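For reference, the structure is listed below as structure tokens.
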Amino acid sequence: MTSLQTELRLDFAPQAQSHPESFELRAIEERGSVPLQVRPVLVPAWTRTDALEEYAPWLDKALIQIAPGRKRVRLYCSREVASRSRLTVQGGVPLPLGRRQEPLVETLVWVQTHSKRLRHFHDRPQARILDHTRFYDRDGQELPLPEYDPDSASFHHPQAVTGALVVEYTPGYSLYEIVYDSGEAQLSAEWFREMKLAWLAGNIHDATIPVVRVIAIGPEMVDQLTFTRNFWPSHAGVRTGFRALDDEPFVREGDGYRYIPRADHSCWERCKERVQPDRALLTTKEMIAVRNCVSAEQAPRFHYVEESRVVRTERISAPDNPELYIDVARPVELVMKLKRADDAVCDQQPPAGCCPEITLRFSGAH
């Protein structure tokens, strides 16, 4: 009895494990996957330096989620196994979208073997050869290609051969949509602050972004994958485009920024004098105020202002009584000039294509 039990274990257990059923998670870029959307924020400029603390005034406005991100993943397994499986997500929620089929291309390589099975052999898929190498036996004799057996989803050759096939087949899979958030609830305050500073400084990928982990658990199988959260926009916006701190007349010194006058930075000089005329060493708040001043000067607002007018007085009498009348000052000509609509510090020219002066003459004037 003991011998029989031992023989059964040696024979049955390896057979049960020799052909485990396909059970694999894959994250594939496809329709329906969208990045996590956050509320846009404008900052004066982006920086490539390590002085990220200057963005602290905008931290409460950074990475505010408007809509969650969505990523689609596939679980390759049979329909029966899928019905007995479940997905758990660390940092998100899985939404099942049902069964799908889509062509898949796979390479099968023989090295003195007889058979190769398709990776996803459930549902007995049909397969066709797209391309192949020559096949040889151990003596170098060229042989015909292996033949496909749909019952086992395998390509077989009666002899041990060496070669490779590129095949296409259409396995079934279960499609899931993973709805994920910014990860703030999973992270320490310091970690999420690092992400927000990097986002404000021009590229959230300069920080370490936590992954979303998806775990599939089947009746006797398990698989997992991870993917990185995708943010849109991936950085804060700037009013006048990219401008690195290296191009600005500031040098980090201790806890402040030293202003270095330059001959070609007259607008910076005037804005600095407005914000802090007495000291060359500026605080972070003062440095940002100078930068804001220059940004406003580089995007000036103009409007037309009345410069002068010519009027003509006309008397309008009552139709039935000439003694009743009113004198009206009627405008005959207006001269409008283009001027700054904001408080200008630097000398800025009007936008190209604008008329610096417009003269309006009214019809009926004599």
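Just so it is clear, the structure is predicted and the values come from calculations on it, not from any experiment.
- Here the options are Arg312, Arg361, Arg309, the test is side chain to side chain donor-acceptor pair (under 3.5 Å), and the partner is Glu333; only Arg361 passes.
- For Pro40 against Ile66, the heavy-atom pair with the smallest separation is CD-CD1, 4.4 Å.
- No continuous path of ILVMFWY side-chain contacts below 4.5 Å connects Val211 to Val179, so the two sit in separate hydrophobic clusters.
- A distance-only check finds a donor-acceptor pair linking the side chain of Gln65 to the backbone of Ser182 [under 3.5 Å].
- Residues Leu95 and Arg70 meet the side-chain proximity criterion, which asks for heavy atoms closer than 4.5 Å.
- For the pair Leu97 and Glu177, the tightest heavy-atom approach, listed with the atom from each and the gap, is CD1-CB, 3.9 Å.
- In this structure, the side chains of Phe23 and Glu220 stay at 4.5 Å or more apart for every pair of heavy atoms.
- Counting heavy atoms from C-beta outward, Leu282 and Lys272 have side chains that approach closer than 4.5 Å.
- At least one side-chain heavy atom of Pro171 sits under 4.5 Å from a side-chain heavy atom of Leu104.
- Between the side chain of Glu106 and the backbone N or O of Arg119, at least one donor-acceptor pair lies under 3.5 Å.
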Would you give me the side-chain donor-acceptor pairs under 3.5 Å for residues 315-325, sequence neighbours excluded?
from, atom 1, to, atom 2, distance (Å)
Arg315, NE, Asp327, OD1, 2.9
Arg315, NH2, Asp327, OD2, 3.3
Asn321, OD1, Glu323, N, 3.1

Using a 3.5 Å cut-off and no angle test, enumerate the donor-acceptor pairs between side-chain atoms of residues 196-208 and protein atoms at least two apart in sequence or in another chain.
from, atom 1, to, atom 2, distance (Å)
Lys196, NZ, Leu59, O, 3.3
Trp199, NE1, Pro233, O, 2.9
Asn203, OD1, His205, N, 3.1

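- One N or O on the side chain of His114 and one on the backbone of His157 form a donor-acceptor pair closer than 3.5 Å.
- Salt bridge status for Glu314 with Arg330: present, with a side-chain N to carboxylate O gap under 4.0 Å.
- Among all heavy-atom pairs drawn from Leu75 and Ser85, the shortest one is CD2-CB, 4.4 Å.
- Val41 and Leu63 fall within the same hydrophobic cluster, where Ile, Leu, Val, Met, Phe, Trp and Tyr residues are linked whenever their side-chain heavy atoms come under 4.5 Å apart, directly or through other members.
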Thr226 and Arg213: CA distance, side-chain angles, deciding distance, side chain to side chain contact (heavy atoms under 4.5 Å, CB included) verdict: CA-CA 4 Å; Thr226 60; Arg213 186 176 302 276; 3.4 Å; yes
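- What you find for Pro125 and Leu118 is that their closest heavy atoms are CG-CD1, 4.0 Å.
- Legend: salt bridge (Lys or Arg N to Asp or Glu O under 4.0 Å) pairs involving residues 150-163, not counting sequence neighbours, sorted by first then second residue: Arg124-Asp151.
- Applying the 6.0 Å contact sphere to CZ of Arg26 captures more than 12 heavy atoms from other residues, nucleotides or ligands.
- The structure places CD1 of Ile215 at 5.0 Å from CD of Gln90, a figure rounded to the nearest 0.5 Å.
- Taken to the nearest 0.5 Å, the OH atom of Tyr169 stands 5.0 Å off from the NE2 atom of His120.
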Would you please test Val214 and Lys71 for side chain to side chain contact (heavy atoms under 4.5 Å, CB included) and show each step? CA-CA 11 Å; Val214 184; Lys71 177 78 170 182; over 6 Å; no
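- Annotation: cation-pi pair Arg229/Tyr180 absent, no NZ/CZ under 6.0 Å from the ring centroid and within 45° of its normal.
- For Ile326, the CD1 atom is loosely surrounded, since the number of other residues' heavy atoms within 6.0 Å does not exceed 12.
- Under a hydrophobic clustering in which Ile, Leu, Val, Met, Phe, Trp and Tyr are joined whenever their side-chain heavy atoms come within less than 4.5 Å, directly or via other members, Val89 and Tyr176 fall into the same cluster.
- Put simply, the side chain of Pro68 does not reach to within 4.5 Å of the side chain of Leu36, judged on heavy atoms.
- Cluster membership check: Leu143 shares its hydrophobic cluster with Leu145, using side-chain heavy-atom separations under 4.5 Å among Ile, Leu, Val, Met, Phe, Trp and Tyr.
- Val81 is connected to Leu225 through a chain of hydrophobic side-chain contacts under 4.5 Å among Ile, Leu, Val, Met, Phe, Trp and Tyr, so both are in one cluster.
- In terms of heavy-atom proximity, Pro35 sits nearest to Trp232 at CG-CB, 3.7 Å.
- For Glu147, the CD atom counts as loosely surrounded, since its 6.0 Å shell holds 12 or fewer non-hydrogen atoms of other residues, nucleotides or ligands.
- Note on ring orientation: taking the six-membered ring where Trp is involved, the planes of Phe155 and Trp110 are perpendicular (angle over 60°, cut-offs 30° and 60°).
- Separating the NZ atom in Lys116 from the CG atom in Leu165 is a distance of 11.0 Å, to the nearest 0.5 Å.
- Here the side chains of Ile28 and Glu102 are not in contact, with every heavy-atom distance at 4.5 Å or above.
- A heavy-atom distance below 4.5 Å is not found between the side chains of Phe121 and Ser154.
- With Tyr259 contributing its side chain and Glu269 its backbone, the two residues share a donor-acceptor pair below 3.5 Å.
- Listed for the Arg117 side chain is a donor-acceptor partner under 3.5 Å among the backbone atoms of Ser152.
- Among the candidates Arg100, Arg74, Arg99, the single residue satisfying the side chain to side chain donor-acceptor pair (under 3.5 Å) test with Ser174 is Arg99.
- The backbone N or O of Asp278 lies less than 3.5 Å from a partner atom in the side chain of Gln276, making a donor-acceptor pair.
- Going from atom CD of Gln159 over to atom CG of Asp137 covers 5.5 Å, rounded to the nearest 0.5 Å.
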Checking side chain to side chain contact (heavy atoms under 4.5 Å, CB included) for the pair Phe227/Ile178: CA distance, chi angles, key distance, verdict? CA-CA 10 Å; Phe227 62 85; Ile178 309 302; 4.0 Å; yes
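- Checking side-chain atoms of Asp223 against main-chain N and O of Leu25 turns up a donor-acceptor pair under 3.5 Å.
- The line from CD1 of Ile64 to CD of Glu184 is 9.5 Å long, rounded to the nearest 0.5 Å.
- Checked by atom type, the side-chain pair Glu24/Tyr173 shows no donor-acceptor distance below 3.5 Å.
- Judged by distance alone, with hydrogens and angles left aside, the side-chain atoms of Thr133 form no donor-acceptor pair with the main-chain N or O of Gly163 at under 3.5 Å.
- Between the side chains of Ser78 and His122, no donor-acceptor pair is found at a separation under 3.5 Å.
- The environment of CZ in Arg279 is crowded: more than 12 heavy-atom neighbours from other residues, nucleotides or ligands sit within 6.0 Å.
- Looking only at side-chain heavy atoms (C-beta outward), Leu187 and Pro210 come within less than 4.5 Å of each other.
- Note: Glu286 CD to Leu281 CG = 8.5 Å, rounded to the nearest 0.5 Å.
- Pro331 approaches Val311 most closely through the heavy-atom pair CA-CG1, 4.1 Å.
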